[in-house]
Amino acid sequence: MSKKVLITGATSGIGRSLTYRLAEDGYDLYVVGRSNEKLAELKTDIEQRFKQRCVCYCVDLNKSEEVKSFLVNELQVDILIHCAGIGKVGDFNILSIEEEEEILQVNVQASMLLLKTFAQRFVAQDYGVIAVICSTAAFYPHPFMNTYASSKAFLYHYSLGLGEEVRKYSKQVKVIAVSPGPTSTAFFEPKTKEKMVRSQTETHFEMSAEQVGKGIANALFSNRSAVTIGRRNQLMTVVLRCLPLKLRIKVVGKYIAKGV
Ligand SMILES: NC(=O)c1ccc[n+]([C@@H]2O[C@H](COP(=O)([O-])OP(=O)(O)OC[C@H]3O[C@@H](n4cnc5c(N)ncnc54)[C@H](OP(=O)(O)O)[C@@H]3O)[C@@H](O)[C@H]2O)c1
């Protein structure tokens with residue numbers, strides 16, 4: 001029988017590429033997005049190309065009532081890959097309160113509800129894998145992407161802590177914090193992307209969504225609680241950790257400021 005996987009953020013970028021990869025690998029797909037049109041297009045393509053089941057849920061993670069009513073649905077799966085996430089470049093004076101609140105609602109509040117609920121379901125069924133797509137931005141402060149990086153730091157720590165808590169109830173359930181670095185997707189707004197391309201900032205280090213999707217699919221079989229995708233990102237993380245914190249924040253801030 002095919003394994004059932006629930007993927008959030010399946011309609012674009014890393015989540016979409018992962019969805020195709022897992023369809024190819026024979027998983028039954030349960031996908032979450034916030035656009036009915038994008039979900040319908042994804043479902044048709046997946047079902048035609050791979051003859052794989054693809055069930056869609058339209059949920060706006062920025063609306064807590066929608067998240068809660070989605071979670072009332074007693075959907076049982078073997079794997080949850082929580083990929084949906086948003087971020088914005090800009091400092092505290094540029095970003096509006098609403099923009100920063102949206103980042104926290106999607107990346108923190110909705111994520112916590114989703115992960116907690118599926119951890120409980122997986123413990124009850126005594127099996128399951130939760131892969132949480134965090135970011136290398138979670139590892140140290142990121143001036144000019146501060147709320148995003150802070151929200152990913154929450155997600156990273158929450159995932160590691162949840163994994164340890166879950167082990168108390170079941171040895172067959174695991175939680176993996178997966179951290180990609182810069183990836184070529186629609187994540188950044190076009191005007192930010194344009195500035196980054198011009199200054200050769202982010203694009204210089206970018207991996208493709210397909211490479212990252214492959215890394216995440218492999219991570220599902222890992223026994224590690226945290227996986228950083230890509231050798232360059234792993235190396236960069238180690239190098240930056242060697243710098244004093246103050247200098248590390250300056251270096252990262254200077255790099256991201258080019259996209260502001
Ligand atoms: N790109 C990078 O450089 C990078 C680096 C490290 C980590 N990540 C993380 O990787 C994950 C995927 O990002 P990506 O690069 O693939 O970006 P993306 O192409 O913008 O995809 C983001 C996905 O999240 C969904 N989403 C956004 N807001 C949502 C909401 N309110 N409700 C429901 N779904 C929502 C989007 O739906 P729509 O299709 O409707 O927009 C889309 O499917 C994110 O968690 C991001 O933080 C990205």
Side-chain angles (χ1 to χ4, degrees), residues 6-21 29 31-42 56-71 80-89 98-99 101-111 113-115 131-139 142 145 147-156 158-159 177-190 192-193 196-197 201-213 215-216 219 227-230 232-234 236-237 255-256 259:
L6 174 67
I7 307 172
T8 69
T11 48
S12 173
I14 296 170
R16 187 177 169 94
S17 135
L18 189 59
T19 300
Y20 277 86
R21 185 167 187 97
L29 299 160
V31 297
V32 178
R34 63 182 157 172
S35 149
N36 268 320
E37 293 72 34
K38 284 188 186 180
L39 285 167
E41 181 268 318
L42 181 68
C56 300
Y57 298 93
C58 190
V59 186
D60 186 345
L61 299 178
N62 190 33
K63 297 191 176 130
S64 58
E65 344 54 89
E66 286 194 24
V67 179
K68 284 176 186 156
S69 44
F70 169 65
L71 292 174
L80 163 67
I81 304 175
H82 179 37
C83 195
I86 53 166
K88 287 229 155 71
V89 173
E98 290 74 21
E99 284 176 312
E101 279 177 344
E102 185 180 350
I103 295 172
L104 294 180
Q105 166 58 32
V106 174
N107 296 0
V108 175
Q109 189 73 22
S111 298
L113 278 178
L114 188 75
L115 299 179
V132 188
I133 311 312
C134 304
S135 169
T136 52
F139 302 157
H142 277 52
M145 258 192 117
T147 305
Y148 170 71
S150 302
S151 73
K152 287 290 174 175
F154 168 86
L155 204 54
Y156 180 71
Y158 185 80
S159 306
V178 184
S179 295
T183 311
S184 177
T185 65
F187 181 78
F188 290 109
E189 288 173 348
T192 305
K193 189 84 188 182
M196 285 173 162
V197 170
T201 314
E202 205 76 3
T203 49
H204 208 61
F205 300 104
E206 275 180 349
M207 290 175 74
S208 70
E210 290 68 31
Q211 286 173 311
V212 174
I216 297 169
V227 173
T228 300
I229 304 291
R232 201 198 311 236
N233 293 325
Q234 289 160 5
M236 191 71 99
T237 302
Y255 174 74
I256 300 172

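Reckoned from all heavy atoms, side chains included, excluding hydrogens, waters and symmetry mates. Indexing begins at 1, ligand by ligand and atom by atom, following the structure's order. Everything quoted here is computed from the prediction, not taken from an experiment.
For ligand 1, the polar-atom distance check against L61 finds a nitrogen or oxygen pair separated by under 3.5 Å. Here's the thing with Y148: one of its N/O atoms is less than 3.5 angstrom from an N/O atom of ligand 1. Remark: ligand 1 and S135 share no N or O pair separated by less than 3.5 Å (distance only, no angle test). Residue-to-ligand polar distances place C83 within reach of ligand 1: an N/O pair is separated by less than 3.5 Å. Residue-to-ligand polar distances keep G15 apart from ligand 1: every N/O pair is separated by 3.5 Å or more. Distances between N or O atoms of G9 and those of ligand 1 include at least one value under 3.5 Å. By the 3.5 Å distance cut-off applied to N or O atoms, T136 is not counted among the residues near ligand 1. Here's the thing with S35: none of its N/O atoms is less than 3.5 angstrom from an N/O atom of ligand 1.
Within the 4.5 Å cutoff, the side chain of M236 has no heavy atoms near those of the F139 side chain. Contact check for L155 versus I133: no side-chain heavy atoms found under the 4.5 Å cut-off. Considering only heavy atoms from C-beta on, L29 stays 4.5 Å or farther from L42 through its side chain. At least one side-chain heavy atom of L61 sits less than 4.5 Å from a side-chain heavy atom of H82. V67 places none of its side-chain heavy atoms less than 4.5 Å from the side chain of Q109. Looking at P180 and I14, their side chains come closer than 4.5 Å, going by heavy atoms from C-beta outward. Using a 4.5 Å heavy-atom threshold, the side chains of S135 and Y148 count as touching. Residues L114 and F70 meet the side-chain proximity criterion, which asks for heavy atoms closer than 4.5 Å.
With rounding to the nearest 0.5 angstrom, the CE atom of M145 is 10.5 Å from the OH atom of Y255.
For the pair S17 and E210, the tightest heavy-atom approach, listed with the atom from each and the gap, is OG-CA, 3.4 Å. When every heavy atom of A177 is checked against every heavy atom of S159, the shortest pair comes out as CB-CB, 4.0 Å.
With a 4.0 Å heavy-atom cut-off, ligand 1 is reached by no atom of E102. For S184, no heavy-atom contact with ligand 1 is shorter than 4.0 Å. When heavy-atom distances to ligand 1 are checked against a 4.0 Å cut-off, S12 comes that close through both its backbone and its side chain. For N107, no heavy-atom contact with ligand 1 is shorter than 4.0 Å. The proximity of V106 to ligand 1, defined as any non-hydrogen pair under 4.0 Å, is limited to the side chain. Under 4.0 Å from ligand 1, not a single heavy atom of E206 appears.
Note on ligand 1: G87 sits outside its first shell, no heavy atom being nearer than 4.0 Å.
Near G13, with a cut-off below 4.0 Å to any heavy atom, the atoms of ligand 1 are 16 (O), 19 (O). Ligand-side atoms of ligand 1 in range of G85: 22 (C), 24 (O), 44 (C), 45 (O), range being under 4.0 angstrom from any heavy atom. Which parts of ligand 1 touch N62 is read off a 4.0 Å heavy-atom cut-off, strictly below it: atoms 31 (N). Every atom of ligand 1 is numbered from 1 in the order shown, and the set under 4.0 Å from a heavy atom of K38 is 38 (P), 39 (O), 40 (O), 41 (O). Of all atoms in ligand 1, numbered sequentially from 1 with element shown, those under 4.0 Å from a heavy atom of I86 are 27 (C), 28 (N). Those atoms of ligand 1 that come under 4.0 Å of a heavy atom in P182, given as number and element, are 3 (O). In summary, the atoms of ligand 1 found under 4.0 Å from a heavy atom of K152, numbered by their order in the structure, are 44 (C), 45 (O), 46 (C), 47 (O). Taking every non-hydrogen atom of V59 and a distance limit under 4.0 Å, the qualifying atoms of ligand 1 come out as 32 (N), 33 (C).
Ranked by closest heavy atom to atom 48 (C) of ligand 1, the top entry among N36, I14, I103, V212 is I14. When A84, A110, S17 are checked for heavy-atom proximity to atom 24 (O) of ligand 1, A84 turns out nearest. Counting only non-hydrogen atoms, the option in S179, G33, C134 that gets closest to atom 7 (C) of ligand 1 is C134.
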